[in-house]
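Following: one structure in structure tokens, then a few remarks.
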Amino acid sequence: MIPVTQPYLPERSRLDKYIDGIYERCWLTNNGPLVQELTQRLEAYLGVENLLLVGNGTLALQIAFRTLGIQRPVGKRSAEAITTPFTYIATASAIKWEGIEPVFADIDANTWCIDPERIREKISSRTRALVPVHVFGNSCDVESINKIARQHRLKVIYDASHAFGVKLGKQSLLSLGDASTLSFHATKLFHSIEGGAIIFKRKRDLKKARKLINFGITGPEQIEALGINAKMTEFQAAMGLSVLDEITQNLNGKERVYKTYENLLKAGYYAASVTFQKQHTDIRENHAYVPVLFNDEDTCLKVKAILHQNGYQARRYFNPSLDTLRILTKRKHKCRVSRDISSRILCLPTYATFEDLHIASIARLIRDLSKTTNSIERQSLSGITKAL
Ligand SMILES: *Cc1c(COP(=O)(O)O)cnc(C)c1O
């Protein structure tokens with residue numbers, strides 16, 4: 001079975017060199033030299049400041065909330081954070097885990113990111129933060145979100161887990177909001193096996209978060225804050241550095257795969273009845289995912305099944321729409337657009353070395369199926385016409 005994605009494995013000799021250093025120093029964790037090196041190299045590569053490496057992308061969200069004080073109750077009741085229902089579970093579960101109430105605002109039907117107009121409708125006296133997601137690496141409507149946040153004095157924490165290396169104009173998409181978080185999980189474009197990062201707007205937040213990820217310890221016999229353990233290890237940093245050394249290769253591979261799918265499915269011999277995500281106009285994409293939208297859930301499920309039969313795994317990212325999960329919310333939010341998109345979306349297999357041959361074969365299977373559905377529709381339509 002060809003998986004929907006495959007972790008990027010760098011040259012073994014490259015990784016070995018970093019690991020040799022760990023053995024020589026016998027320094028395995030607690031802000032070691034490789035964690036420091038990766039921090040600097042990521043800041044330079046991404047064009048950001050105040051970057052803090054942590055153990056994973058979920059902790060990155062939790063530490064960002066804690067640093068910015070989002071979890072503090074409002075009076076006797078829990079604070080609220082407005083977020084999108086169309087994302088990976090971790091965005092909303094991290095909010096809930098910190099005792100903050102996730103409030104879901106529906107998404108835009110074309111960009112699949114949170115819709116600013118829907119955010120406005122959900123603001124209450126308990127709202128303390130907005131947690132938008134640059135879903136599949138597409139930029140949210142950051143101008144409108146910024147405006148709303150300023151008007152209502154809300155903090156903005158972007159879950160930028162999908163947006164590694166994405167630029168908006170000349171600026172890194174990761175430098176926006178009070179904080180942006182990244183996941184470096186093995187399946188992500190850039191990874192450190194497990195890992196994550198927070199990019200803070202302010203240096204003082206970075207300093208505070210540095211304490212929080214190490215039990216609140218500030219000196220050999222000094223504990224200043226209530227903290228937790230969210231540190232990245234030297235071995236994770238070693239993998240991160242090796243993957244970063246080859247990032248251009250990885251990005252180029254992903255771009256080729258994305259464009260091949262797009263070229264095949266949009267026009268010509270393999271043209272199929274599918275829709276691609278509408279990208280923000282000013283964006284430089286990273287092509288980390290290949291999500292496609294079908295006309296209805298039935299076609300989507302049929303495509304998934306036929307791909308499976310032919311040895312290709314496609315995943316229903318993101319299904320279910322999180323506003324339907326009772327573990328997250330008891331409110332009846334009814335995010336109609338998100339539920340609709342969730343029901344008929346598939347992410348197609350992609351990784352840097354994925355061969356064109358397979359892409360063509362997937363495109364053919366999709367085309368054939370959207371054609372069959374169409375001809376069935378035509379048949380039943382002509383049946384109706386005859387009956388009339
Ligand atoms: C992967 C992901 C996370 C979680 O990151 P982990 O490193 O797996 O904890 C959070 N949000 C989004 C949008 C993700 O895709």
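None of the values given here were measured: they were computed from a predicted structure. Every number for a ligand or one of its atoms is a count from 1 in the order of the listing.
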(request) If you have a sec, work out which protein heavy atom is nearest atom 11 (N) of ligand 1 and how many Å separate them, to one decimal? (result) Asp159 OD2, 2.7 Å
(message) Just to confirm my output: which protein heavy-atom neighbour is closest to atom 15 (O) of ligand 1, and how far is it?
(response) His162 NE2, 2.7 Å
(request) Compute the minimum heavy-atom distance from Gly195 to ligand 1 and say whether it is under 4.0 Å. (result) yes
(message) Contact between Phe164 and Lys188 at the side-chain level, heavy atoms closer than 4.5 Å - yes or no?
(response) no
(message) Students should be able to answer this: which protein heavy-atom is nearest to atom 9 (O) of ligand 1, and at what distance?
(response) Thr58 OG1, 2.6 Å
(request) Could you tell me whether the side chain of Leu46 reaches within less than 4.5 Å of the side chain of Leu51, counting heavy atoms only? (result) yes
(request) Could you find the nearest protein heavy atom to atom 5 (O) of ligand 1 and give me its residue, atom name and distance? (result) Ser183 OG, 3.1 Å
(message) Among all the protein's non-hydrogen atoms, which is closest to atom 1 (C) of ligand 1, and how far away is it?
(response) Lys188 NZ, 1.7 Å
(request) Rounded to the nearest 0.5 Å, what's the gap from CZ on Arg256 to CG on Asn263? Could you check? (result) 12.5 Å
(request) Have a look at Tyr8 and tell me which of His191, Glu246, Lys254 forms a side-chain hydrogen bond (donor to acceptor under 3.5 Å, both in side chains) with it. (result) Glu246
(message) Could you tell me, atom by atom, which parts of ligand 1 come under 4.0 Å of a heavy atom of Gly57?
(response) 5 (O), 6 (P), 7 (O), 9 (O)
(request) Just jot down the ligand 1 atoms closer than 4.0 angstrom to any heavy atom of Ala90, in number order. (result) 3 (C), 4 (C), 10 (C)
(request) Just jot down the ligand 1 atoms closer than 4.0 angstrom to any heavy atom of Thr87, in number order. (result) 13 (C)
(request) Taking the side chain as every heavy atom from C-beta outward, state whether His308 and Met1 have any pair of such atoms under 4.5 Å apart. (result) yes
(message) Side chains of Tyr158 and His134: any donor to acceptor distance under 3.5 Å?
(response) no
(request) For ligand 1, note which part of Glu194 has a heavy atom under 4.0 Å away: side chain, backbone, both or neither. (result) neither
(request) Assert yes or no for the condition that the ring centre distance of Phe354 to Tyr258 is strictly below 6.0 Å. (result) no
